[in-house]
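Numbered from 1 within each chain, the chains take letters A, B, ... in sequence-line order. Keep in mind that the numbers below use all heavy atoms, side chains included, and drop hydrogens, waters and symmetry copies.
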There are 4 protein chains.
Amino acid sequence: MSNCCDKREEIFRAALELIAEQGFHGAPMAMIAERAGVAAGTIYRYFENKDALIVDLFHEIDDKIGAVIMQDYQQAKPLRERFHHIFTTLARYFVKHPLHFRYIEQFHNSPYGVEFKRDILQRKTGDCHIYRDLLEEGVAQQVIKDLPMPILFALAFGPLKVVVRDHILGFVALEDELIDKLMAACWDGIRR
Amino acid sequence: MSNCCDKREEIFRAALELIAEQGFHGAPMAMIAERAGVAAGTIYRYFENKDALIVDLFHEIDDKIGAVIMQDYQQAKPLRERFHHIFTTLARYFVKHPLHFRYIEQFHNSPYGVEFKRDILQRKTGDCHIYRDLLEEGVAQQVIKDLPMPILFALAFGPLKVVVRDHILGFVALEDELIDKLMAACWDGIRR
Amino acid sequence: MSNCCDKREEIFRAALELIAEQGFHGAPMAMIAERAGVAAGTIYRYFENKDALIVDLFHEIDDKIGAVIMQDYQQAKPLRERFHHIFTTLARYFVKHPLHFRYIEQFHNSPYGVEFKRDILQRKTGDCHIYRDLLEEGVAQQVIKDLPMPILFALAFGPLKVVVRDHILGFVALEDELIDKLMAACWDGIRR
Amino acid sequence: MSNCCDKREEIFRAALELIAEQGFHGAPMAMIAERAGVAAGTIYRYFENKDALIVDLFHEIDDKIGAVIMQDYQQAKPLRERFHHIFTTLARYFVKHPLHFRYIEQFHNSPYGVEFKRDILQRKTGDCHIYRDLLEEGVAQQVIKDLPMPILFALAFGPLKVVVRDHILGFVALEDELIDKLMAACWDGIRR
DNA sequence: AATGAATGAGAATTCATTCAT
DNA sequence: TATGAATGAATTCTCATTCAT
């Protein structure tokens with residue numbers, strides 16, 4: 001457990017940093033290895049190849065985000081509060097982990113991410129059902145507009161994605177107060 | 001005149017298709033040349049190098065979009081109508097030209113696009129001032145929420161981006177009626 | 001005659017400048033053409049290919065030097081005076097035409113020049129016989145050391161080559177007085 | 001240790017042979033690799049790029065020559081004997097290592113060598129100070145002509161360069177006896 | 001398990017030369 | 001004759017992956 005996971009962790013960290021900052025182009029295996037403090041060949045003990053490393057790292061991050069959201073998620077709370085929880089948790093997570101955000105963006109806009117996207121959009125994997133369940137519940141309760149799920153999803157979380165990017169580029173300071181206002185506006189977008 | 005522009009056009013077309021579909025990785029110069037029906041060296045008569053080709057192609061598309069939006073834009077019309085015009089024109093353009101949409105996405109999520117983004121976010125180039133002017137006017141008239149520009153921008157157009165992607169992947173059929181509904185919801189997001 | 005020779009002349013001039021200053025690497029045909037004010041294809045009307053251009057240009061320069069030396073060469077004058085004439089004429093020519101000197105150097109140190117050198121060293125071409133005749137006469141008269149011809153040649157003109165290079169690089173100012181001193185020293189080298 | 005230095009050595013050897021015989025043009029990296037018995041990419045483990053390989057190889061040779069000259073150089077010996085030592089050592093080295101001579105010539109007549117030449121002419125690097133010290137000492141002792149250093153340098157070693165070239169091309173057989181005569185003549189050129 | 005030197009296919013780019021106009 | 005766009009072979013260099021140690 002000791003050595004094994006350390007190395008894997010280090011490789012993940014190195015890949016995350018390099019890819020998030022330089023893109024897939026700017027992250028050759030040799031460079032990832034160097035930054036991780038392991039030999040190039042060692043990466044292949046933990047990952048079948050570069051693609052697998054990239055995909056695994058994505059899932060690692062994706063799972064982490066899912067876990068954070070689920071952590072204090074209370075199904076019993078009113079709809080809007082639950083939306084508030086998801087939205088602000090996501091926003092704070094990305095503000096706190098800009099490299100994760102940028103990695104996910106890189107991933108989605110790459111051949112690696114295309115196949116995966118089919119899954120996630122069909123809500124087959126991950127914790128996406130939380131988002132969907134919430135929205136579907138809202139539609140059923142006639143609190144949320146009766147629109148196709150992808151539309152609602154885009155209205156609810158699309159702006160967040162754009163704003164986080166702007167935040168990372170330094171064009172807005174995404175502080176708690178602003179996150180709340182953004183959330184409120186997104187809620188305006190989806191509610192009846 | 002004949003030959004000159006044909007070749008350049010063909011190279012643009014080939015690069016657009018390959019990059020939009022396969023990403024920058026999947027579009028080596030030799031392949032672009034082959035698909036364009038020219039020799040590899042020919043590309044370099046029209047573009048200084050691959051980067052220049054990529055940036056030029058982006059501007060080509062960007063200008064085209066700007067032109068389409070400006071075409072029937074009527075400054076005299078009420079705010080919401082102007083927003084409607086921009087929004088639906090954009091949506092229809094992307095539905096009609098999915099490769100353009102995917103190319104732009106690739107571009108923005110790449111080293112090539114980083115520098116450019118700084119400009120566009122600072123609204124220094126292109127027709128972006130149209131968007132900003134519209135939103136600023138709305139804020140001044142107290143029709144639109146008083147939020148920082150990047151936030152309003154994200155609320156107004158962020159969902160569209162996500163939905164267009166879903167449309168291209170086949171998860172929604174972005175028809176005129178749905179575009180209108182989406183636009184209305186986005187308007188709900190930004191209006192007071 | 002008018003147009004024909006102008007172009008050829010311009011191509012020669014352009015090639016001389018570029019090759020002397022940038023080496024053969026730094027003188028692509030397209031660049032030579034541009035500097036000569038002709039189209040790339042035009043060069044091939046006057047020269048079979050790049051090699052031919054390079055060799056022809058060498059001969060052009062070589063002939064010019066030969067002509068200058070022969071111009072005031074007086075067979076009747078004493079040996080040392082004739083040596084003085086050749087030496088100082090050469091020196092002044094190179095000082096006046098540094099590009100010619102550098103071109104010749106480039107040429108001799110290139111695959112182009114190798115074959116040619118065989119000829120010239122066997123004294124088959126050019127005005128080299130002047131040098132050789134002079135030295136042979138000196139040997140016969142027991143004024144000049146009895147050494148193999150290439151040795152005498154090297155002693156007589158080798159230093160000049162090195163000094164001209166230094167002059168062009170700015171490490172000595174090769175003025176008339178210094179040329180005379182250099183010549184005198186070279187004469188010391190070859191005379192009995 | 002074993003493999004490392006072998007490969008580097010082999011690459012040096014291959015590059016030396018090819019460049020000395022065919023010039024920089026005639027020595028593509030792939031050909032150097034093939035002749036060295038390594039893969040093309042392997043060269044780049046030992047040298048940053050082709051330029052670095054070329055420059056490093058030059059210094060390798062240059063250092064070797066410097067070492068050979070210094071090996072039996074005795075500062076205490078009379079001036080002429082020291083000159084004799086340097087001159088004949090150089091001559092024999094080049095006779096023994098014609099590829100080294102031709103490589104150096106190629107190098108000096110190339111963009112690679114230009115920058116370096118400035119140094120060596122200013123006697124800033126290598127063992128060149130030996131030559132200069134010797135000549136300056138001779139001038140001070142009024143044994144050698146009072147001429148600018150580049151002139152003396154050219155008189156002392158310029159002929160050797162020309163003769164070595166002729167020797168390599170097969171026009172003289174530069175044997176010990178002849179080397180001595182050449183040296184004596186060069187001494188005549190510089191001595192008072 | 002770990003290493004990292006070695007591999008070699010593949011990518012971008014250059015440039016002498018050709019040929020339709 | 002002259003043009004210069006087009007060609008495509010050749011060149012430099014990169015990098016994912018392997019394998020002997």
Side-chain angles (χ1 to χ4, degrees), chain A residues 3-4 7 24-34 36-54, chain B residues 2-4 6-8 11 24-34 36-54, chain C residues 3-4 7 24-34 36-54, chain D residues 2-8 11 24-34 36-53:
Chain A
N3 232 5
C4 139
K7 297 237 158 136
F24 294 111
H25 286 87
M29 292 298 260
M31 207 182 282
I32 292 172
E34 192 192 26
V38 302
T42 303
I43 297 181
Y44 291 85
R45 294 222 145 267
Y46 297 93
F47 306 96
E48 198 185 329
N49 52 33
K50 194 176 184 181
D51 284 20
L53 165 60
I54 286 166
Chain B
S2 58
N3 237 3
C4 139
D6 283 1
K7 295 246 153 123
R8 193 185 161 91
I11 293 164
F24 294 112
H25 285 87
M29 292 299 259
M31 206 182 283
I32 292 172
E34 193 190 23
V38 302
T42 301
I43 297 180
Y44 292 88
R45 288 203 64 74
Y46 295 95
F47 306 96
E48 200 183 329
N49 50 35
K50 193 175 183 178
D51 282 20
L53 165 60
I54 286 166
Chain C
N3 233 5
C4 139
K7 296 236 158 136
F24 294 111
H25 286 87
M29 292 297 260
M31 207 183 283
I32 293 172
E34 191 191 27
V38 302
T42 303
I43 298 180
Y44 292 86
R45 295 225 144 265
Y46 295 93
F47 306 95
E48 197 184 330
N49 52 34
K50 194 177 183 179
D51 283 20
L53 165 60
I54 285 166
Chain D
S2 57
N3 238 3
C4 138
C5 300
D6 285 1
K7 295 249 153 121
R8 193 186 161 90
I11 292 163
F24 294 110
H25 286 86
M29 292 301 258
M31 208 182 281
I32 293 172
E34 192 190 25
V38 301
T42 303
I43 298 181
Y44 293 87
R45 288 203 63 74
Y46 295 95
F47 306 96
E48 201 184 328
N49 51 36
K50 194 175 183 180
D51 283 20
L53 166 59

S.K.: I want to confirm an ordering. Mapping B:P28 and A:R45 to their closest nucleotides on DNA chain E, which one lands closer to the 5' end?
M.R.: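 Comparing both residues, the 5'-ward one is A:R45.
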
S.K.: If the plane angle is over 60° it's perpendicular, under 30° parallel, otherwise tilted; pick one for A:H25 and B:F24.
M.R.: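 The rings of A:H25 and B:F24 sit tilted, inter-plane angle from 30° to 60°.
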
S.K.: In whole angstrom, give the distance that lies between atom OH of A:Y46 and atom P of F:dT17.
M.R.: 18 Å

S.K.: Please round to the nearest 0.5 Å and tell me the distance separating atom CD1 of C:I43 and atom CE of C:M29.
M.R.: 4.5 Å

S.K.: Looking at A:K7, I'd like to know whether one of its side-chain N or O atoms comes within less than 4.0 Å of OP1 or OP2 on E:dA2.
M.R.: yes

S.K.: On DNA chain F, check which nucleotide each of C:A40 and A:G41 is closest to and give me the residue with the more 5' one.
M.R.: C:A40

S.K.: F:dT17, E:dT3, E:dA12: which one has an atom nearest the side-chain heavy atoms of A:T42?
M.R.: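 The listed nucleotide nearest to A:T42's side chain is E:dT3.
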
S.K.: Would you mind telling me which residue lines up with the more 5' stretch of DNA chain E, B:A27 or A:V38, judged by nearest nucleotide?
M.R.: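 Per heavy-atom nearest nucleotide, the more 5' residue is A:V38.
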
S.K.: Now, which nucleotide makes the Watson-Crick or G-U wobble pair with E:dA1, with each of the two distances under 3.5 Å?
M.R.: none

S.K.: So, is A:Y44 near the phosphate of E:dA2, with a side-chain N or O under 4.0 Å from OP1 or OP2?
M.R.: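 No, A:Y44 has no side-chain N/O under 4.0 Å of OP1/OP2 on E:dA2.
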
S.K.: Applying the Watson-Crick and G-U wobble criteria at under 3.5 Å, what pairs with E:dC15? Answer none if nothing qualifies.
M.R.: F:dG8

S.K.: Enter the distance from C:I54:CD1 to C:F47:CZ here, rounded to the nearest 0.5 Å.
M.R.: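 Separation between the atoms: 11.0 Å.
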
